[in-house]
Amino acid sequence: MHRVLRAAAAAAAGIATAPARRHRAPSWGAATARWFSVEREAMSYDVVIVGAGPAGLAAAIRLKQLCRAADTDLSVCVLEKGAEVGAHILSGNVFEPRALDELIPKWRQEDAPIRVPVSSDKFWMLTKNKAWTLPSPFDNKGNYVISLSQLVRWMSVKAEELGVEVYPGFAASEILYDENQIVAGVATNDVGIAKDGSKRETFQPGVELRGRIILLAEGCRGSLSEKIITNHKLRESGQGQHQTYALGIKEVWEIEEGKHKPGSVVHTVGWPLDMKTYGGSFLYHLDDRQLAIGLVVALNYRNPFLSPYDEFQKFKQHPAIRTLLEGGTVLQYGARTLNEGGFQSIPNPVFPGGAIIGCSAGFLNVPKIKGSHTAMKSGMLAAEATFKALVEGSSIDLYWENLKKSWIWDELYRARNYRPAFEYGFIPGMALSAVERYIFKGKSPFTLKHGKPDHEATEMVNLHSPISYPKPDGQVSFDVPSSLYRSNTNHEHDQPPHLRLRDPAVPETVNLPQYAGPESRYCPARVYEYVSDENGDPKLHINAQNCLHCKACDIKDPKQNIEWTVPEGGGGPGYTVM
């Protein structure tokens with residue numbers, strides 16, 4: 001590992017190191033009680049990639065492949081905020097290998113962790129006590145049930161073998177601009193700053209990573225990507241519509257041998273969600289008796305009393321689901337938001353100095369419930385445009401041009417009307433989806449628009465009644481503290497809060513009286529809770545150390561009052577299930 005980043009990691013862990021080389025640029029301490037100026041070390045690369053997920057690693061690998069083919073070299077660095085590559089990606093994914101076939105054609109001979117082909121593909125509509133089998137629209141023939149965290153770890157090794165420098169445990173928190181306001185790099189956040197803004201003994205200034213081209217692959221609702229999209233009006237110069245999201249909550253179980261069917265895939269719609277809330281569940285049988293089970297809830301739900309976490313616990317009590325889980329053991333818990341805007345919400349992914357790739361841009365195919373293959377392909381396309389820009393003198397704009405000619409564009413265009421069809425409710429949505437799939441086959445003469453942005457969809461408390469959720473039984477349903485323990489979530493307690501209120505008064509003056517404090521329910525980690533102050537008045541308390549980095553709060557807060565920012569690198573969940 002590079003000396004500077006090694007020193008930063010060691011300092012964060014409390015290990016003494018030799019002083020780092022000084023740099024010209026000042027870095028200002030946390031915007032809390034104190035301010036201080038330090039000088040940051042700077043490192044220069046040809047390409048800096050933020051995020052070691054499928055998109056970022058595919059881009060890094062493709063760049064180095066092109067270099068080898070042209071007998072040239074470009075220096076490539078990948079930053080990952082998780083403590084290790086894959087730490088923020090929870091196992092359990094139905095993987096379409098199309099992009100990987102293009103990137104590493106011989107992956108089957110290279111011990112890739114892709115070993116369980118889909119063996120059955122079922123689609124259920126659930127009522128409270130029944131599971132009705134419907135024709136499956138997913139067409140998973142040729143796909144695999146995998147651990148995505150294992151896959152990105154394998155990809156990281158492949159990237160490093162090609163000469164890519166991969167640095168986990170470092171959170172990019174700032175965009176760097178040159179004198180012409182062109183993006184010139186990113187900076188990692190300072191570590192070892194106390195809550196009051198003072199330096200702790202372990203203080204280490206952030207590092208500037210400067211690049212000729214910057215690729216942002218942060219995943220859904222990436223904090224730097226969102227700033228770039230807003231500042232450069234990329235949504236407006238792209239497809240034009242706002243992004244819409246869902247929250248996916250997942251567990252990985254070890255189930256009884258007799259119930260385990262490697263490669264079995266089940267998706268459901270219907271119960272326990274109400275008829276106006278879009279969503280569904282999934283059950284994926286991996287190897288080693290492991291089962292990935294989860295519920296996805298669209299974040300444009302209306303009822304402020306709805307709790308996605310409690311809906312998931314309720315779902316597991318369905319007779320068809322409970323029978324499968326009984327006698328098993330939960331290994332891991334996690335949550336993450338998903339892009340669901342699809343074709344209508346694709347931004348122009350190119351900005352001065354770089355590009356946005358993968359789920360940061362939003363290439364999830366909603367009816368397929370897959371985005372890894374499109375994320376990887378977008379990374380490859382960006383890499384090819386980057387190589388031509390740096391080696392042949394062309395423009396990074398080639399990425400946007402080639403994206404629109406690629407199978408990503410065609411695939412998302414054909415899938416464009418499924419998600420917005422459910423703006424009209426469950427039954428109309430199912431009917432419109434059937435017409436779109438079986439009659440128009442994705443080529444309908446119209447394009448539906450999305451409804452309100454997710455935060456605006458939340459209705460006021462006087463229009464709804466509280467939802468009474470069953471208490472967890474400790475066997476198949478669990479309370480939040482038990483689930484959090486299984487996520488291995490950990491943050492340094494003595495650091496500035498990474499969850500920031502733009503107006504500290506909004507929770508008590510708006511959210512609580514008008515929406516019954518929805519942040520205490522939409523968050524799947526109980527980060528937000530209202531407690532009584534010394535006068536007995538309710539006050540919002542933020543348990544930032546519980547944060548799963550799902551980004552739901554950044555999306556769903558009714559007044560967009562919560563800003564999610566990166567904590568110290570290495571913080572957050574630690575998904576370790578193999």
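Residue numbers start at 1 and run along the sequence shown.
For the pair Pro420 and Lys449, the tightest heavy-atom approach, listed with the atom from each and the gap, is CB-O, 3.5 Å. Contact between Glu340 and Ala298 at its shortest, heavy atoms only, is OE1-CB, 4.1 Å. Of all non-hydrogen atoms in Pro507 and Pro513, the two that sit nearest each other are O-CD, 4.4 Å. In plain terms, the two heavy atoms of Leu90 and Gly334 that are nearest each other are CD2-N, 3.5 Å. What you find for Tyr522 and Leu247 is that their closest heavy atoms are O-CD2, 3.7 Å. Across all their heavy atoms, Pro205 and Arg40 have their closest contact at CB-CG, 4.4 Å.
No donor-acceptor pair under 3.5 Å is formed between the side chain of Asn535 and the backbone N or O of Asp537. Here the side chain of Arg336 pairs no donor or acceptor atom with the backbone of Ile89 at under 3.5 angstrom. Between the side chain of Asp473 and the main chain of Gln475, a donor-acceptor pair closer than 3.5 Å is present. With hydrogens and angles ignored, the 3.5 Å screen pairs no side-chain donor or acceptor of Asn365 with any backbone N or O of Leu412. Checked by atom type and distance alone, the side chain of Ser477 never pairs as donor or acceptor with a backbone atom of Gln313 at under 3.5 Å. For Ser360 (side chain) and Gly219 (main-chain N/O), a donor-acceptor pair under 3.5 Å exists by modelled atom type. In terms of modelled atom types and a separation under 3.5 Å, the side chain of Thr323 and the main chain of Ala320 share no donor-acceptor contact. Under the 3.5 Å distance criterion, the side-chain polar atoms of Asn348 are matched with a main-chain donor or acceptor of Val350. At least one donor-acceptor pair closer than 3.5 Å links the side chain of Gln344 to the backbone N or O of Leu448. Using modelled atom types, no side-chain atom of Ser487 and backbone atom of Pro573 make a donor-acceptor pair closer than 3.5 Å.
With hydrogens and angles left out, the side-chain atoms of Arg200 and Gln495 include no donor and acceptor closer than 3.5 Å. No side-chain donor-acceptor contact under 3.5 Å links Gln241 and Ser345. Checked by atom type, the side-chain pair Ser225/Glu218 shows a donor-acceptor distance below 3.5 Å. Looking at Ser281 and Thr268, their side chains do bring a donor and an acceptor atom within 3.5 Å of each other. For Thr489 and Asn546, the side-chain atoms include no donor-acceptor pair closer than 3.5 Å. Of the N and O atoms on the side chains of Gln317 and Arg322, at least one donor lies less than 3.5 Å from an acceptor on the other residue. At a cut-off of 3.5 Å, with distance as the only test, a side-chain donor of Lys556 or Thr458 sits close to an acceptor on the other residue. Side-chain polar atoms of Tyr245 and Arg221 form a donor-acceptor pair below 3.5 angstrom. Side-chain contact annotation: His491 with His549, donor-acceptor N/O pair under 3.5 Å present. Side chains of Glu174 and Asn189: no donor on one and acceptor on the other come within 3.5 Å.
Residues Leu79 and Val186 meet the side-chain proximity criterion, which asks for heavy atoms closer than 4.5 Å. Side chains of Val527 and Leu499 form a contact here, defined as non-hydrogen atoms less than 4.5 Å apart. Proximity of Leu540 to Leu501: side-chain heavy atoms (C-beta onward) are separated by under 4.5 Å at one or more points. Here the side chains of Phe351 and Leu216 are in contact, with some heavy-atom distance below 4.5 Å. Looking at heavy atoms from C-beta onward, Tyr418 lies out of side-chain contact with Val366 at the 4.5 angstrom threshold. No side-chain heavy atom of Val480 sits under 4.5 Å from any side-chain heavy atom of Ser482. Looking only at side-chain heavy atoms (C-beta outward), Val191 and Thr202 stay at 4.5 Å or farther from each other. Counting only heavy atoms from C-beta outward, the side chains of Leu283 and Ile321 approach each other to under 4.5 Å.
The aromatic ring centroids of Tyr309 and Phe478 lie 6.0 Å or more from each other. The distance between the ring centers of His267 and Phe138 falls below 6.0 angstrom.
The distance from atom SG of Cys553 to atom OH of Tyr528, rounded to the nearest 0.5 Å, is 3.0 Å. A distance of 11.0 Å separates CG in Asn93 from CD1 in Ile369, rounded to the nearest 0.5 Å. Rounding to the nearest 0.5 Å gives a distance of 11.5 Å between CH2 of Trp564 and CD1 of Ile555. For the atom pair CD1 (Ile562) and NE2 (His455), the distance works out to 12.5 Å, reported to the nearest 0.5 Å. Expressed to the nearest 0.5 Å, how far CZ of Arg419 lies from OG of Ser433 amounts to 10.0 Å. If you take SG on Cys220 and CG on Leu364, they are separated by 9.0 Å, rounding to the nearest 0.5 Å.
Using a 4.0 Å cut-off between charged nitrogen and carboxylate oxygen, Lys368 and Glu411 count as a salt-bridge pair. Between Glu456 and Lys559 there is no salt bridge, since no side-chain nitrogen of the basic residue lies less than 4.0 Å from a carboxylate oxygen of the acidic one. Ion pair Asp310/Arg526 flagged as a salt bridge, since at least one NZ, NE, NH1 or NH2 atom sits closer than 4.0 Å to an Asp/Glu carboxylate oxygen. Salt bridge Lys195/Asp494: absent, no basic N to carboxylate O contact under 4.0 Å. For Arg500 and Glu563, the salt-bridge test fails: no basic side-chain N is under 4.0 Å from an acidic carboxylate O.
Relative ring orientation between Trp271 and His318 is described as tilted, the plane-to-plane angle lying within the 30° to 60° band. Relative ring orientation between Phe343 and Tyr413 is described as perpendicular, the plane-to-plane angle rising above 60° on a 0-90° scale split at 30° and 60°. The aromatic rings of His450 and His242 sit tilted, their planes meeting at an angle between 30° and 60°.
A cation-pi arrangement is absent between Lys471 and Tyr469, since the terminal nitrogen or guanidinium carbon is not both under 6.0 Å from the aromatic centre and inside a 45° cone about the axis.
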Step by step, work out the ring pair (Phe, Tyr, Trp, His ring centres under 6.0 Å) result for Tyr575 and His88. CA-CA 6 Å; Tyr575 301 134; His88 288 178; 7.3 Å; no

Let me see the working for Ser444 and Glu436 under side-chain hydrogen bond (donor to acceptor under 3.5 Å, both in side chains), right down to the final yes or no. CA-CA 7 Å; Ser444 54; Glu436 186 74 13; 3.1 Å; yes

Go through the steps to decide whether Arg486 and Glu251 satisfy the test salt bridge (Lys or Arg N to Asp or Glu O under 4.0 Å), and finish with yes or no. CA-CA 9 Å; Arg486 298 186 183 105; Glu251 290 173 345; 5.3 Å; no

Check residues 421-432 and write down every donor-acceptor pair under 3.5 Å in which the side-chain atom is one partner and the other belongs to a residue at least two apart or another chain.
{"residue": "Glu423", "atom": "OE2", "partner": "Asn300", "partner atom": "ND2", "Å": "3.2"}
{"residue": "Glu423", "atom": "OE2", "partner": "Gly451", "partner atom": "N", "Å": "3.4"}

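Note on residues 507-518: pairs passing side-chain hydrogen bond (donor to acceptor under 3.5 Å, both in side chains), not counting sequence neighbours, are Asn511-Glu519, Asn511-Asp557.
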